[in-house]
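Below is one structure, written out as structure tokens; comments come after it.
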Amino acid sequence: MNASITLRNQKKPTLLSIIVPAYNEIEVIEEFYNRLSLAMDAIKQNYEIVFINDGSQDATLSIMKSLRDENEEITIVDLSRNFGKEIATTAGIDASKGDATVIIDADLQDPPELIEKLIEKWSEGYDVVYAQRKQRDGETWIKKKSAELFYLLMQKLGPVKLPVNTGDFRMMSKDATEAVKQLREHNRFMKGIFAWVGFPSIGVTYNRDSRYAGETKWNYIKLWNLSIDGITAFTIAPLKLATYMGLIIAAASFIYAIYIIFKVLVIGEAVQGFPTLAILILLLGGIQLIFLGIIGEYLGRVFSETKNRPLYFTKQVLQSKFNTLNNDDQSG
Ligand code: UDP
Ligand code: MG
């Protein structure tokens, strides 16, 4: 990393909030909890778990509740419906009370044992320690290639660098967490938001496992939409493309027009060229429609942002014991 950044000294977090968004994770959530608590006990880290039930249709919530009956260090945020992982994670960040946060998937693709390494780096003074995967197990070739292409595009177009092969799995200091909390945009591309807030950051590499059980909630349509969200949320480069493309086409047309006038007036060629005309009309029509679509993507996002609705609603929030501690602190 950059040697010129100054890092502050920080020890282990006093309370680590572990944020776990979950949607229909009945098959894994208990195993996840067991592995996580084993890992945390092994390093003697004081922690709370913030489970977010993202409108699961299965019994995920009741399992969370039974875990909470055993362990008061669990907060449950029960959302009013399925809002998607990005918003579920935000709800978890909002409910967290620790002086550091970890965001981790419930399906054990992010190994809870890695948190120890994240804390180590955090202690060196980094505000953000993200987990960077070395390999992508259990993922298809197309998924890997499309991910590569997406990172490349974001790298070239966006204002901030997105670390490659990095998901949401990361640890953040209080400052970074508070900064993320302040970005209330509806188009929530979390990886971009995390990168945008800045702060000294570093990666820790790991091998990403396959899902422990259950199925991924991502399909290619959703991934495509996520990529569009990512690009439109962080750069207006596609809009500028229309201007430059228009300039190039106009310049080319001008030269071509001179050529045609020359042909008709000087050589005296009879009227011809229907294929050329047809191709030009189709080509220009296509290009115009593509750019109308791009403008539409941005306009649609302006529309949803201006409505300015709350990001989510909760059915209930069951606090961990640390909430009462906090309240006592404040009143006392
Ligand atoms: N998730 C969620 N809401 C959703 C979809 C997913 O909270 O609408 C959670 C899911 O339960 C898991 C995490 O987000 O804990 C990652 O989801 P998934 O494993 O489906 O994504 P992938 O690992 O394939 O990127
Ligand atoms: Mg997964």
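Residues take their numbers from the sequence shown, with the count starting at 1. Owing to the predicted nature of the structure, the values given are computational and were not obtained by experimental measurement.
In terms of heavy atoms, L108 sits closest to F32 at CD2-CD1, 3.8 Å. Taking all atoms of both residues into account, the shortest heavy-atom contact from K97 to S320 is CE-OG, 3.6 Å.
At a threshold of 4.0 Å, the pair K174-D127 does not count as salt-bridged, since none of the basic side-chain nitrogens sits closer than that to a carboxylate oxygen. Electrostatic pairing of R68 and E73 does not count as a salt bridge here, judged by no charged N lying under 4.0 Å from a carboxylate O.
With hydrogens and angles ignored, the 3.5 Å screen pairs no side-chain donor or acceptor of T205 with any backbone N or O of K134. Between the side chain of H186 and the backbone N or O of R309, at least one donor-acceptor pair lies under 3.5 Å. Looking only at distances, a side-chain donor or acceptor of N24 sits under 3.5 Å from a matching main-chain atom of Q57. S66 places a side-chain N or O within 3.5 Å of a backbone atom of I63 that can act as its donor or acceptor partner. Between the side chain of T235 and the main chain of A237, a donor-acceptor pair closer than 3.5 Å is present. A donor-acceptor pair under 3.5 Å is formed between the side chain of S37 and the backbone N or O of Y33.
Donor-acceptor pairing under 3.5 Å is lacking for the side chains of D175 and S173.
When side chains are defined from C-beta on, T101 does not count as touching L16, because their heavy atoms never get closer than 4.5 Å. Using a 4.5 Å cut-off on side-chain heavy atoms (C-beta onward), L79 and F313 make no contact. Proximity of E120 to V129: side-chain heavy atoms (C-beta onward) are nowhere separated by under 4.5 Å. For the pair R133 and N207, the minimum side-chain heavy-atom distance is 4.5 Å or more. Side-chain contact between F194 and T166: absent, with no pair of heavy atoms (C-beta onward) separated by less than 4.5 Å. The closest side-chain heavy-atom distance from F291 to I287 is below 4.5 Å. A heavy-atom distance below 4.5 Å is not found between the side chains of E124 and I202. Contact check for Y47 versus P13: no side-chain heavy atoms found under the 4.5 Å cut-off.
Taken to the nearest 0.5 Å, the CD1 atom of I115 stands 12.0 Å off from the NZ atom of K117. Remark: E305 CD to R184 CZ distance equals 12.0 Å, nearest 0.5 Å. Summarising the geometry, atom CG belonging to D54 is positioned 4.0 Å from atom CG belonging to N82; distances are rounded to the nearest 0.5 Å. Of the inter-residue distances, the one linking Y130 atom OH with S201 atom OG reads 6.5 Å to the nearest 0.5 angstrom.
Shown here is E178, whose CD atom has more than 12 heavy atoms of other residues, nucleotides or ligands within 6.0 Å. For K161, the NZ atom sits in a loose shell: 12 or fewer heavy atoms of surrounding residues, nucleotides or ligands are nearer than 6.0 Å.
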Using the salt bridge (charged side-chain N to carboxylate O under 4.0 Å, His left out) rule, take E297 and R301 through it: C-alpha gap first, then chi angles, then the decisive distance, then the call. CA-CA 6 Å; E297 292 285 345; R301 281 168 179 78; 2.8 Å; yes
Verdict with supporting geometry, D229 and K191, salt bridge (charged side-chain N to carboxylate O under 4.0 Å, His left out): CA-CA 11 Å; D229 275 348; K191 278 171 234 183; over 6 Å; no
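Note: F169 and Y206 meet the aromatic proximity criterion, with ring centroids under 6.0 Å apart.
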For residues 250-266, which side-chain N or O atoms pair as donor and acceptor with protein atoms under 3.5 Å away, sequence neighbours left out?
| residue | atom | partner | partner atom | Å |
| --- | --- | --- | --- | --- |
| S253 | OG | I249 | O | 2.6 |
| K263 | NZ | E269 | OE1 | 3.2 |

